[in-house]
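Just so it is clear, the structure is predicted and the values come from calculations on it, not from any experiment. One is the number of the first residue; the rest follow in order along the sequence.
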Amino acid sequence: AGPAPAASQTAAGAAGGVSPAGAAGHGGGGAARRCYHAYSNLNVNALQRYESNPDRDAFGFAECQLCTDGEMNCSTLLHSGMSRLIAVHIHFADGKGGDGGNASAGETGEGHPVINFCGDNGKGMIADGEPYTQACQQWDKRGVAYNVNMPGALVGAFSEGMTVADRVEDIAARPEQYYLNVHSLASWNTWYPTPHGMSRGRLQLQQSG
């Protein structure tokens, strides 16, 4: 069985994955707290394939809860990998997809990380100016890596003055422009200094209720 969806502090709300709540926190700018639930189907993308890739068969999924008051968390369950996991991000694909359309940007486009989750803050690793909130859990003997309820942190360097609430609402408005990306040490060593990642998938907003 996969990871349970991240627990919400609010009751399920309106369609579109929205859960309204009471007073907002530091990310809400005085507006009511809103939470969105997103899913990502993770596979080795065409942009991530290379010769002798030890993680060529890696696959899995992610479930996220993103709230406008700054509470953000994701869980990932991955299978069939080998190389050490060094970063998990949500990226914004600020260009068009490989077929020239914005609707596929999160599937085949690329862009900077905008939310950090687990990762390696050591020297020489993928650094974007925002520390990773915790270390990533690694592959077990069965080739499974389960990272549950990883706290998220907004990457200010690539958010162009956006608050957490702004970023969360933008993800909810156009999830097809965003993708969750898991990076391994092997992929980083291969693609350095441009991290394409090991396994990724565009975000899909889930209904609440």
Side-chain angles (χ1 to χ4, degrees), residues 6 8-10 13-40 42 47 62-76 87-97 101-119 121 125-134 147 149-183 193-197 200-208:
S8 174
Q9 294 184 3
T10 65
V18 183
S19 297
H26 63 275
R33 165 186 160 113
R34 293 163 68 88
C35 293
Y36 300 91
H37 301 268
Y39 177 88
S40 181
L42 304 173
L47 300 170
E63 291 181 329
C64 300
Q65 175 178 272
L66 307 172
C67 297
T68 55
D69 66 351
E71 182 183 343
M72 302 182 287
N73 56 70
C74 284
S75 296
T76 59
V88 175
H89 312 118
I90 288 176
H91 294 247
F92 173 61
D94 50 4
K96 295 183 182 295
N102 285 324
S104 66
E107 198 70 52
T108 57
E110 289 194 295
H112 293 299
V114 294
I115 301 175
N116 284 356
F117 294 97
C118 74
N121 290 309
M125 295 293 103
I126 302 171
D128 54 26
E130 181 66 33
Y132 297 103
T133 59
Q134 63 187 42
N147 281 277
N149 289 336
M150 299 174 287
L154 183 72
V155 180
F158 300 127
S159 290
E160 299 178 344
M162 297 175 76
T163 65
V164 173
D166 293 336
R167 181 61 75 186
V168 169
E169 293 289 6
D170 194 61
I171 291 173
R174 47 178 183 167
E176 70 280 355
Q177 292 282 127
Y178 290 85
Y179 60 98
L180 191 137
N181 201 5
V182 180
H183 300 261
T194 303
H196 296 300
R200 58 175 272 184
R202 72 178 180 88
L203 293 188
Q204 304 172 58
L205 209 63
Q206 294 183 304
Q207 300 288 325
S208 292

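A distance of 4.5 Å separates CD in Q65 from NE2 in H37, rounded to the nearest 0.5 Å. Remark: T68 OG1 to R33 CZ distance equals 7.5 Å, nearest 0.5 Å. Here the SG-CG distance, from C74 to N147, works out to 11.0 Å after rounding to the nearest 0.5 Å. In this structure, OG1 in T133 is found 11.0 Å from CD1 in I115, a value given to the nearest 0.5 Å. To the nearest 0.5 Å, atoms CG (D166) and CG (L154) are separated by 9.0 Å. The distance from atom CG of L66 to atom CD1 of I171, rounded to the nearest 0.5 Å, is 5.0 Å.
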Working note: E176 + R202, criterion salt bridge (charged side-chain N to carboxylate O under 4.0 Å, His left out); need CA distance, chi angles, decisive distance, verdict. CA-CA 6 Å; E176 70 280 355; R202 72 178 180 88; 5.8 Å; no
Check the pair I90 / L203 against side chain to side chain contact (heavy atoms under 4.5 Å, CB included), numbers first and verdict last. CA-CA 9 Å; I90 288 176; L203 293 188; 4.1 Å; yes
Under the side chain to side chain contact (heavy atoms under 4.5 Å, CB included) rule, what do Y36 and E169 come out as? Steps first, then yes or no, please. CA-CA 9 Å; Y36 300 91; E169 293 289 6; 2.5 Å; yes
Under the side chain to side chain contact (heavy atoms under 4.5 Å, CB included) criterion, do D128 and H112 qualify, and how do the steps go? CA-CA 9 Å; D128 54 26; H112 293 299; over 6 Å; no
Using the side chain to side chain contact (heavy atoms under 4.5 Å, CB included) rule, take R167 and V114 through it: C-alpha gap first, then chi angles, then the decisive distance, then the call. CA-CA 8 Å; R167 181 61 75 186; V114 294; 3.5 Å; yes
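For the pair F158 and P113, the tightest heavy-atom approach, listed with the atom from each and the gap, is CD1-O, 3.3 Å. The two residues Q134 and P151 have their closest heavy-atom pair at OE1-CD, 3.3 Å. Heavy-atom minimum distance, M150 versus C118: SD-SG, 3.5 Å. The shortest heavy-atom contact between L180 and A62 is CD1-CB, 3.9 Å. Of all heavy-atom pairs spanning G109 and A93, the tightest one is C-CB, 4.1 Å.
Every residue meeting the side-chain contact (heavy atoms from CB on, under 4.5 Å) condition with P131, not counting sequence neighbours, appears here in chain and number order: N121. Applying the side chain to side chain donor-acceptor pair (under 3.5 Å) rule to Q204 yields no partners; only residues at least two apart in sequence or on another chain are considered. In this structure I126 satisfies the side-chain contact (heavy atoms from CB on, under 4.5 Å) test together with I86, A87, H89, Y132, H183, W188, P195, sequence neighbours excluded. Applying the ring-ring contact (aromatic ring centres under 6.0 Å, His included) criterion to Y178, with sequence neighbours excluded, gives F92.
Annotation: cation-pi pair R200/Y179 present, NZ/CZ under 6.0 Å from the ring centroid and within 45° of its normal.
Between the side chains of H196 and E110, a donor-acceptor pair is found at a separation under 3.5 Å.
For the pair D170 and M162, the minimum side-chain heavy-atom distance is below 4.5 Å.
In this structure, the side chain of S40 engages the main chain of G201 through a donor-acceptor pair within 3.5 Å.
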